[in-house]
4 protein chains.
Amino acid sequence: MEKITKNILTQVIRQRPADSFKGTYGKIVLIGGSQNFGGAIIMASLAAVYSGAGLVTTFTDPTNQASLHDWLPEAMFVDYNQFDDSADIVKNADVIVIGPGLGTDDTAMTLLTKTFEIAHTGQTLIIDGSALTLLAHNNLQLPSESLNVLTPHQMEWQRVSGIKIADQTPTANQAAVEKLDAIVVVKSHRTEVYENGKVFQNTGGTPAQATGGMGDTLAGLIGGFTAQFADKPAAVLAAVYTHSAIADKLAEKQYVVLPHQISEALPKFMFKHQSKD
Amino acid sequence: MEKITKNILTQVIRQRPADSFKGTYGKIVLIGGSQNFGGAIIMASLAAVYSGAGLVTTFTDPTNQASLHDWLPEAMFVDYNQFDDSADIVKNADVIVIGPGLGTDDTAMTLLTKTFEIAHTGQTLIIDGSALTLLAHNNLQLPSESLNVLTPHQMEWQRVSGIKIADQTPTANQAAVEKLDAIVVVKSHRTEVYENGKVFQNTGGTPAQATGGMGDTLAGLIGGFTAQFADKPAAVLAAVYTHSAIADKLAEKQYVVLPHQISEALPKFMFKHQSKD
Amino acid sequence: MEKITKNILTQVIRQRPADSFKGTYGKIVLIGGSQNFGGAIIMASLAAVYSGAGLVTTFTDPTNQASLHDWLPEAMFVDYNQFDDSADIVKNADVIVIGPGLGTDDTAMTLLTKTFEIAHTGQTLIIDGSALTLLAHNNLQLPSESLNVLTPHQMEWQRVSGIKIADQTPTANQAAVEKLDAIVVVKSHRTEVYENGKVFQNTGGTPAQATGGMGDTLAGLIGGFTAQFADKPAAVLAAVYTHSAIADKLAEKQYVVLPHQISEALPKFMFKHQSKD
Amino acid sequence: MEKITKNILTQVIRQRPADSFKGTYGKIVLIGGSQNFGGAIIMASLAAVYSGAGLVTTFTDPTNQASLHDWLPEAMFVDYNQFDDSADIVKNADVIVIGPGLGTDDTAMTLLTKTFEIAHTGQTLIIDGSALTLLAHNNLQLPSESLNVLTPHQMEWQRVSGIKIADQTPTANQAAVEKLDAIVVVKSHRTEVYENGKVFQNTGGTPAQATGGMGDTLAGLIGGFTAQFADKPAAVLAAVYTHSAIADKLAEKQYVVLPHQISEALPKFMFKHQSKD
């Protein structure tokens, strides 16, 4: 098991070329946020925008429109009940994040199914939160063409892989990941990333992060990084490292770290840790 | 009458164990916020989240959904008119706070009654604001199994106990508290806490705090502390002390202290005053 | 014509007595904010809360509920179309501010008329913005029992007094004020206050303040000060001085001063300039 | 091709005269923000208010009312579906900005047509975003009396001028601009401004700006500057310079610059760079 170290940052976060425009930094669509869980998709979108994704569109319940824009005038809004009318935005996205606050009702299931149908070669599809529960309970097949990234916490990973938390050893996990043909981020106080037949372990992370919304923020951050950076598996590792490194820094002075604080710290953190060539 | 001193902080606020997750820090439900008093439940929820409660769900009038998420994407939202559909969230909570901005109409009364029916062993139930008025006027019986914490100001305590403000001596109060079998926090410029047959007096507090919303913030803070810390009566004392200690600090430079400023100061205050072992 | 000087601050802003509660600092009702001008009543309410008023209730169009609470969870909300149901709140207020963003339609006129009918001895009634236009155009009689404070800019004062801007000399203004039997604050780059047969001139103020919302903020600030401080005419002078003194300070580094920045600076400004005995 | 240098700032941003009021700094109307793109018009309005425009009114979809006021209580709101009822506000404006987040549906087309009919001598009309797409696709004639400013990025300029991006040389562009009889700001990583037969090139700008909302912010900023400053072509140049100069400063510490951060930095930037006489 390899450790994820600080080196991953300069390897992934490249200095931006002078002659670039917002299209250079990717189009990302985030889908989630039922009436009950609107905050989750806001936090995910916040991470996507503050990590530098070029164009961010959030598909969510219409009751979340105002609070999305209160946090993020930079994000575009789509009523997720009107998914079909805006399916082209999903088709044209470089990255799709589905799951934060999505819930598990019929609307959620429809959105997940339609997204799976759309996902195609060249797209990164990040599946988080209740989308993982839906995936497991309905025995859905992952899209075959997109690069799929799953971000379960240990209980969600149990649902998806069938491996009980106590039995989630690297070897057992690796076998399950291989069958899925996906990158899998198993979140715990020492998060593990399974990709390309390797296991990586995150070395950072603090119990100050143990609060609702942390996972949503990570999903959005992986979205922002894979939207911008060419080496997708490395971008996932860098996002995982960044998420906990910022939290560790904030936890030097805070008993609890709020998820939105991590997003707001991204522009300065990424500036410091970009490659200088 | 014992003084609450700074010692209560390190006694209660334990350093977080590395191997923990959001479930470790409790599930808390807050119920309140009619259309007129939405700000109250937002302020209570703010204190719960910023004090580190693991998972926070706010039951409130649907017109408050957007402003709840503007302040707190970290909180989940439930339309309190759909209480029955989400009763399981209340059943599974470690802590319930009911009252901030609840009002005293039929909706409020229904919510209070249903909550009293649900409250069970192992739960802490914090009754604040208009829930105390409803309790008094309708002569309700407190739930018998939950740990009940009442947070009246002096006039509300008069309503609940029948003791006029001028006659609210420690002895008179203690007798009334004994009958209630609850922890009672009588708020004034020197707040008193009645628990386990003892009386504690808070030594901090500033007239800069004399503004609407302070009580709501305290209720949420007691919720956040009892959700996280094992010794519930001590957690109540620590919350009372924390609330006024932060206000005292802010009042060194401010003529008036806004309630939301107290919540926002919690992560750093708790970091400084946690136990170091 | 007397100058308003810094001395007015310590004369008015008293150190708060230890044994006080929110009721000590007054109940204030603010009425205004149509669908088009909701920001105005929010800015007025902001000044009232941040200057330390004990309990603030804002009567406004229901479409402004969310943004009111986004800025101010500390304020209570009433749909001004339901004025009659909440008339008791207006009756029991120490201070009423009417006008910021009220507009001049039938709803506005009804609200103004009803407020004039309620206003009684012991209350301070501050009439601002479009309420002054309605007053002038409909030739309304000011309530006879409340202490009335008018806060027109020069054009509104022309409408109310019939004196053209060019002719608004202290002598001419004083004669008009006498007939009105009110305190009148004529706003310009050197604001004048007419009260008790005297004329006071404000010495502060900056062109950086020349932006929409400044007047709304002043109205709310006069509300906050008269709610808290016993000498009402002096409180009006202190509010006028405070408003421009904070703006002058901010304008030492800013080309333009945003109204909400003035309100947010109040707690520290008032702390510095309170009486120390 | 002339470079836009720092000198343009003191040439344009004049110290404000003491005896001035909000009317001195112009009335500006911004029209845009469909349900999907509400953030765009909020960001444009933010730049207008924070650059010091006297009175700002935002015409937008009613679902954006709350978030507009969350960011800007200083702005007035008009439901753009009720355009006709508020046409006088457009007629009386000094500056009209149309396009940020407007979309290209029938509502958008109607708003653009009506605005073009109203625009008259003495007004500056800034045409941005989807309004440019509508202009091109419908072959609309620009209003003949207003001073028209177009702010296309290179692809929008291709649509309007018919010149492919690869062929957008100064000479080719100048010929197209001459036919349009407008000021044209062609946005790229080195933005060019065409006015009065001259071509100006902006020297600042950073790839950290390559994110959604930057253009909306520039449109609002040009609006704020032309509303306040007499020499309109110079004001456009100063706005372009200011926008990238602030971004460059923020990019000294940030990997990505959020559009709203540029607006919030305006009051201090403009203070530093105003003329001192």
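Because the structure is predicted, anything quoted here is derived from the model rather than measured. Chain letters run A, B, ... following the sequence lines, proteins first, then strands; residues in each count from 1.
- Surrounding NZ of C/K232 are more than 12 heavy atoms belonging to other residues, nucleotides or ligands, all under 6.0 Å away.
- Looking at B/Y255 and C/R16, their side chains come closer than 4.5 Å, going by heavy atoms from C-beta outward.
- The number of heavy-atom neighbours closer than 6.0 Å to CG of B/D106, taken from other residues, nucleotides and ligands shown, is 12 or below.
- For the atom pair OG of B/S67 and CH2 of C/W71, the computed distance is 14.0 Å after rounding to the nearest 0.5 Å.
- Within the 4.5 angstrom heavy-atom criterion, no atom of C/E264 approaches chain B.
- Listed here is the closest heavy atom pair of B/A66 and C/A66: CB-CB, 4.3 Å.
- Proximity to chain B at a heavy-atom threshold of 4.5 Å picks out C/S20, C/F21, C/K22, C/Y25 from residues 20-44 of chain C, in numerical order.
- Closest non-hydrogen pair, C/F271 versus B/A251, comes out as CE1-O, 3.2 Å.
- Interface remark: of the candidates B/S188, B/P259, B/G205, B/G101, B/P259 forms the most heavy-atom pairs closer than 4.5 Å to chain C.
- With a 4.5 Å cut-off on side-chain heavy atoms, C/H69 and B/L68 do not count as touching.
- B/L258 is listed as a side-chain neighbour of C/Y50, based on a closest heavy-atom distance under 4.5 Å.
- Residues meeting the ring pair (Phe, Tyr, Trp, His ring centres under 6.0 Å) test with C/F229, sequence neighbours left out: C/F225.
- The candidate from C/H273, C/Q65, C/Q274 with the greatest count of non-hydrogen atom pairs under 4.5 Å with chain B is C/Q65.
- Per-residue heavy-atom pair counts under 4.5 Å with chain B were compared for C/D70, C/D79, C/T57, and the maximum is reached by C/D70.
- Here the NZ-NZ distance, from B/K253 to C/K272, works out to 9.5 Å after rounding to the nearest 0.5 Å.
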